[in-house]
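Excluded from the calculations below are hydrogen atoms, water molecules and symmetry mates; all remaining heavy atoms, backbone and side chain alike, are included.
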Amino acid sequence: MKINGLMKKKALSAWIAAAVLAPLGSSAWSAESETAETMEEVSVYGEQEETSTASRLSLSVYDTPQTVTTVSQAQIQDFALQDINELLKYTPGVTVENVETDRTYYTARGFDIVNFQYDGIGVPFSSGLSHGHQDTAIFDQVEVVKGAAALTTGLANPSATVNFIRKRPTEEFKAGVDLVVGEEGRLRTQGDISGSISDNVRGRLVVAEDQADSYLDRYETDGSVYYGIVEADLTDSTTLTLGRSQNRSETDGSMSGALPLYYTDGSATDYDVSTSTAPDWAFRNVDRTQTFVELKQGLSANWSVTALLTQNEIDMDVEEMYVYGTPDRETELGLYGYAFGYKLDEKQKIADVFLSGTYNLFGRDHELVVGANYADIELSGQSFYSYSDGYPVLGSDWANGTTARPDFVDFDPYEDGHKDDQEHKSLYFATRLNITDSLSLLAGARKMEVEQSGYNYGVDADTSADETVPYVGATFDLNDSFSFYGSYTEVFTPQSWVNPEFKPLGAAEGDSSEVGFKYSLAGGQATASVGLFESNLNNLGEYLDKVDGKNVYESGDFTTKGVELELIGSITENFNVSFGLTHLSEVVNKDGEEDRTYIPRNTLKVAVAYDLPQVQGLKFGGGINWQDDIYIEPVEGVRVEQDSYALLSAFAKYDISDALTVGLNIDNLTNEKYINSLYWTQGYYGAPRQAQLSVSWRY
């Protein structure tokens, strides 16, 4: 376990570095530093300007024929959304499934979200979930396109695509330092410095370190992120961008699996919120490194070509103990352990080149993008066990975490590991045809080829897929503020799972459609929308069981229907709101039976912020994250339920001066006790009431 004092000293390094660099930066970074302004915080929720996540065309949220939710920098700062899981919990329509402390699934519209993008570039999760924790310090905003974003990523479920927009350099010199202290020894420091290095070169550096104990027994986190980016104007029409980030997530007391949810008599368990199954030696360390190059060449006033190269690396080292079984209510006996070690090495090399611009046809201007994408993915993992003492029968004191660590030994790479080499090739195009002043049509397609070779714990996983996925959409402006829209796309997702006969399951296929309307208000500073959606996904791999010690999956066909209502933006000069209500009217399998009951059918997410005119510099707000009841039936005659609940949050910020701000954030105000997720037949409790104080300095 880490020594808390050393952790805090290490954490202070980011704050000290930023504090030292800030005053020096006025001469080292910008010749115009004497007139530099305070680092601006634009207090507008959502993003009403251009977004290219859905189609690569530069459309506004209002003009995109799908529901698009943006979490802006203002909301990230107000509600202290410093981890992507916390950020997505505030995102309307998205459910964060914390099944373990350090592995997370995400759902939207009844299906798993399997694709994260960074500045529009990404590939699906290698295991269908996210490992570790990712800091939000390097992101300016986050865009979430509901349904399938088939033009920018064909390999996605009809749930949502999450696009993280990185911070970019500014021409004027800016700097900022944040210091956060919270409960359980929380200490966070963050530095951000940006400006012109020369007349044609700009740079930005972001550093954050975050350490804490936890409300969970034996659980500690130690995370950091380092991000540097440089933009250079090579000519008046050519811009080259180089960037690199490293996100480190180290946790002690990491859980594999979670608490049992029911006793042998079928009754529900009810442990203390702090209860953990993890032994004191368990850990999970995840390092993510992203390196990217972007070259944008203007060809004329209306046309440009952009080339993007990205290399993502994920290294993970794990030692944990999976706890399983059903305990006796009186004795707490009946649980077993499965100790293991695991190492993961994943490399993604992605190239994307596209031509975009406007053209004139029949007297009207239209937009076009044509591009190609190539991805090479190499992933290998190795598990380690100890057959002699790594499978203990646990006593009634299993929650104390005293189970001894076994000596892990190397195993056969083929039988006890996995290797997955993938090659993705795509060609895509999209065009927006402005038929009349009021009617626009959006059409496009993406042709994909995927080759995969390797093995998965003793089962060969060679497969290939080739498909063309079309997309069509339309918007009709009734007037300057009100428009109708509709869209349809097909879905094609290759899968590496095998069935009980150890044969490849093949690709999941389906479609996604949406109709609705959008209303622009407050002079375009806010957008309200209502969207009706329906999605179908066939041959989706669902975990079935272990056969000869190997995971096997069955094919499932699912249909989801529902409606989403959103209002996001600045309603008045002093009032910001992010409101989202999602209703899933139908989530059924091929037999028409209700399915995926761990996903709430109704969710309400509200975040508001108000600048008090009577007190200059005072800002306060609050949030509500509500979901209705969910349940699972893990075995016949047993039903595990999580009743509906609401998590309330509040914040207050006060500008002591133009440069200095103090803030207070409180989450789970009512100290609600709830299970994080019923995605699995195990679960653990969410955090109780948490408070943190912050001091922010801007130059």
- Task: Check step by step if side chain to side chain contact (heavy atoms under 4.5 Å, CB included) holds for Arg596 and Asp112.
- Result: CA-CA 11 Å; Arg596 295 175 170 261; Asp112 286 6; 3.9 Å; yes
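A side-chain contact (heavy atoms from CB on, under 4.5 Å) with Asn157 is found for exactly one of Val114, Asn115, Ile113, namely Val114.
Of the N and O atoms on the side chains of Ser677 and Asn98, not one donor lies less than 3.5 Å from an acceptor on the other residue. Neither side chain, His418 nor Asn456, offers a donor N or O lying under 3.5 Å from an acceptor on the other. Between the side chains of Glu332 and Trp398, at least one donor N or O lies within less than 3.5 Å of an accepting N or O.
For Tyr391 and Tyr336, the ring centers are positioned 6.0 Å apart or more. Between Tyr118 and Phe292, the ring centre distance reaches or exceeds 6.0 Å. For an aromatic pair to be called close, the ring centres must be under 6.0 Å apart, and Tyr385 with Tyr338 satisfies this. Between Phe411 and Tyr387, the distance from one ring center to the other falls under 6.0 angstrom. In this structure, the ring of Tyr322 has its center less than 6.0 angstrom from the ring center of Tyr324.
Taking 4.0 Å as the cut-off between side-chain N and carboxylate O, Arg109 and Glu514 count as a salt-bridged pair. A salt bridge links Lys447 and Asp466; the closest N-O separation between the charged side-chain nitrogens and carboxylate oxygens is under 4.0 Å.
Remark: Ser555 OG to Leu544 CG distance equals 11.5 Å, nearest 0.5 Å.
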